[in-house]
Peer 1: 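The structure is given below, and queries will be raised subsequently.
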Amino acid sequence: VQLIHMIHAEESELEILARERVNVIHCPSASTRAGMGVSHVGRFPQMLEQGVNVALGSDAGTYCDFLDVGRQAYLAATIHREAKQQAPTISAYQALEMATLNGARSLGIIDETGSLEVGKRADVVIQSTSRPEWHPLTNVVNNLIYGAQSVGVETVLVDGETVLEGGQFTRVDEQKQYASIDAAALDLHRRIDFKPPPAWPVSEGNPT
């Protein structure tokens, strides 16, 4: 069972989640974007303490603006500290496991992927450390979660196939897709007569 968001889980429910081996998918970016109170009322650090498998998600792209597991991991590792004024609540190492092992476990494929091990699929993300976010390079996990996240990703292999090389997708024409996406959005705006509100001057009427 996967339960998504779970922002308002009660303290009394955490033991049930752990006992029944429920997979909780934490979507911090969507929750903060919509102002759901996740950092103040979410009990995700407590879930981890009680052995609940907590993985990371993004919800829909139109809801959280990005589908970036690196940024989700950063938010998971930081927003609960701000609310509780305690550090750490979720550590960088826990956030990394939430993004990898816990995600695979929540999908029921922990024996196939989620970590670099003999016998598992060759699902590999390679980062370039020739970027300022990676230095000083004294703690790889801290650098990854707090600094680099996904910006330095250069190569991605899925089951041994290179799908991203040198920062470019190998299976799709990026520029063609971007143009198609923009054209579809403008066409939708035209059909529903949507006119974005002016950004400046900033006013209370601007919904974003």
Side-chain angles (χ1 to χ4, degrees), residues 1-7 17-18 21-32 38-39 42-61 64-81 87-129 131 133-134 137-165 167 169-171:
V1 174
Q2 286 185 341
L3 298 181
I4 317 298
H5 292 298
M6 294 296 287
I7 296 169
L17 296 174
R21 302 178 71 178
V22 172
N23 298 289
V24 172
I25 312 301
H26 185 13
C27 303
S29 62
S31 303
T32 53
V38 62
S39 61
R43 291 184 167 86
F44 300 98
Q46 295 93 318
M47 290 180 194
L48 290 169
E49 288 174 4
Q50 294 201 28
V52 178
N53 185 55
V54 182
L56 294 173
S58 298
D59 204 300
C64 76
D65 300 313
F66 56 85
L67 305 176
D68 183 338
V69 71
R71 291 171 70 180
Q72 308 297 344
Y74 170 80
L75 286 170
T78 56
I79 60 174
H80 303 289
R81 303 178 184 198
T89 50
I90 293 176
S91 71
Y93 292 85
Q94 287 175 306
L96 178 59
E97 290 196 351
M98 291 166 71
T100 54
L101 286 167
N102 294 8
R105 187 176 293 110
S106 74
L107 294 170
I109 55 174
I110 188 66
D111 293 332
E112 301 176 38
T113 188
S115 58
L116 301 177
E117 297 182 55
V118 174
K120 288 191 175 183
R121 295 178 181 177
D123 294 340
V124 184
V125 177
I126 301 173
Q127 290 247 6
S128 169
T129 57
R131 297 182 57 91
E133 299 90 357
W134 276 102
L137 190 53
T138 55
N139 185 315
V140 172
V141 175
N142 277 3
N143 280 76
L144 175 64
I145 299 301
Y146 300 128
Q149 296 151 43
S150 300
V151 297
V153 173
E154 281 202 340
T155 304
V156 176
L157 285 77
V158 177
D159 201 14
E161 178 186 356
T162 302
V163 298
L164 186 80
E165 186 171 14
F169 291 109
T170 63
R171 299 175 64 179

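Not measured: the values here are computed from a predicted model. As a basis for the values below, the full set of heavy atoms in this structure was taken, side chains included, without hydrogen atoms, waters or symmetry mates.
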Peer 1: Nearest 0.5 Å, what's the CZ-CG distance between Phe44 and Leu56?
Peer 2: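 Nearest 0.5 Å value for the CZ-CG distance: 10.0 Å.
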Peer 1: Residues two or more places apart in sequence or in another chain: which of them pass side-chain contact (heavy atoms from CB on, under 4.5 Å) with Tyr146?
Peer 2: Tyr74, Ala77, Thr78, Arg81, Ala92, Asn142
Peer 1: Looking only at non-hydrogen atoms, find the nearest pair between His26 and Ala76 and report the distance.
Peer 2: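 Taking every non-hydrogen atom into account, CD2-CB, 4.2 Å.
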Peer 1: So, using side-chain contact (heavy atoms from CB on, under 4.5 Å) as the criterion, who are the partners of Leu144 when residues are at least two apart?
Peer 2: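 Testing Leu144 for side-chain contact (heavy atoms from CB on, under 4.5 Å), a comparison that skips the adjacent residues, returns Leu96, Gln127, Trp134.
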Peer 1: If you compare all heavy atoms of Asn143 against all heavy atoms of Glu133, which two are closest, and at what distance to 0.1 Å?
Peer 2: ND2-O, 3.4 Å
Peer 1: Compare all side-chain heavy atoms of Val124 with those of Leu116 and state whether any distance is below 4.5 angstrom.
Peer 2: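 The answer is yes; the side chains approach within 4.5 Å.
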Peer 1: Please report the interatomic distance CZ(Arg43) to CD1(Ile7), rounded to the nearest 0.5 Å.
Peer 2: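 CD1 of Ile7 is found 12.5 Å from CZ of Arg43.
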Peer 1: State, yes or no, whether a side-chain contact exists between Thr162 and Leu157 at a heavy-atom distance under 4.5 Å.
Peer 2: yes
Peer 1: Looking only at heavy atoms, what is the nearest atom pair of Gln94 and Thr89, with distance?
Peer 2: OE1-O, 3.8 Å
Peer 1: Any side-chain heavy atom of Leu17 within less than 4.5 Å of one from Leu3?
Peer 2: yes
Peer 1: For Asp123, give me all partners under side-chain contact (heavy atoms from CB on, under 4.5 Å), at least two apart in sequence or on another chain.
Peer 2: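 Asp123 satisfies side-chain contact (heavy atoms from CB on, under 4.5 Å) with Thr113, Arg121, Val158, Asp159 only.
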Peer 1: Taking Asn53 for its side chain and Asn23 for its backbone only, find out whether a donor-acceptor pair lies under 3.5 Å.
Peer 2: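 Between the backbone of Asn23 and the side chain of Asn53 there is no qualifying donor-acceptor contact (under 3.5 Å).
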Peer 1: Quick one: pull up OG1 in Thr129 and CD in Glu154 and give me the separation to the nearest 0.5 Å.
Peer 2: 9.0 Å
Peer 1: Which value, rounded to the nearest 0.5 Å, describes the distance between Leu67 atom CG and Ser150 atom OG?
Peer 2: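 The CG atom of Leu67 sits 11.0 Å away from the OG atom of Ser150.
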Peer 1: Return the minimal non-hydrogen interatomic distance between Cys27 and Gln72, and the atom names on each side.
Peer 2: C-OE1, 4.4 Å
Peer 1: Test of understanding: with side-chain contact (heavy atoms from CB on, under 4.5 Å), list the residues that count as partners of Asp59, not counting sequence neighbours.
Peer 2: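 With sequence neighbours excluded, Asp59 shows a side-chain contact (heavy atoms from CB on, under 4.5 Å) to His5, Ala30, Tyr63, given in chain and number order.
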Peer 1: Gly70 and Gln149: which non-hydrogen atoms are nearest, and at how many Å?
Peer 2: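 Closest approach of Gly70 to Gln149: O-CG, 3.6 Å.
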Peer 1: Using 0.5 Å steps for rounding, measure from the OH atom of Tyr93 to the CD1 atom of Ile145.
Peer 2: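 Output value for this atom pair is 10.0 Å.
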Peer 1: Taking Ser29 for the side chain and Cys64 for the main chain, is one N or O donor matched with an acceptor at less than 3.5 Å?
Peer 2: no
Peer 1: Between Met47 and Val24, what is the shortest heavy-atom contact and its length?
Peer 2: SD-CG1, 3.9 Å
Peer 1: Considering residues at least two apart in sequence or located in another chain, which fulfil the side chain to side chain donor-acceptor pair (under 3.5 Å) criterion with Arg71?
Peer 2: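 Listed in chain order: nothing, the list is empty.
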Peer 1: Between Gln2 and Ile25, is there a donor-acceptor pair closer than 3.5 Å when you use the side chain of the first and the backbone of the second?
Peer 2: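 Not confirmed, Gln2 side chain does not pair with Ile25 backbone.
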Peer 1: Rounded to the nearest 0.5 Å, what separation is found between the CE atom of Met98 and the CD1 atom of Ile90?
Peer 2: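 With rounding to 0.5 Å, CE (Met98) is 4.5 Å from CD1 (Ile90).
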Peer 1: Among all residues two or more places apart in sequence or in another chain, which pass the side chain to side chain donor-acceptor pair (under 3.5 Å) test with Glu161?
Peer 2: none
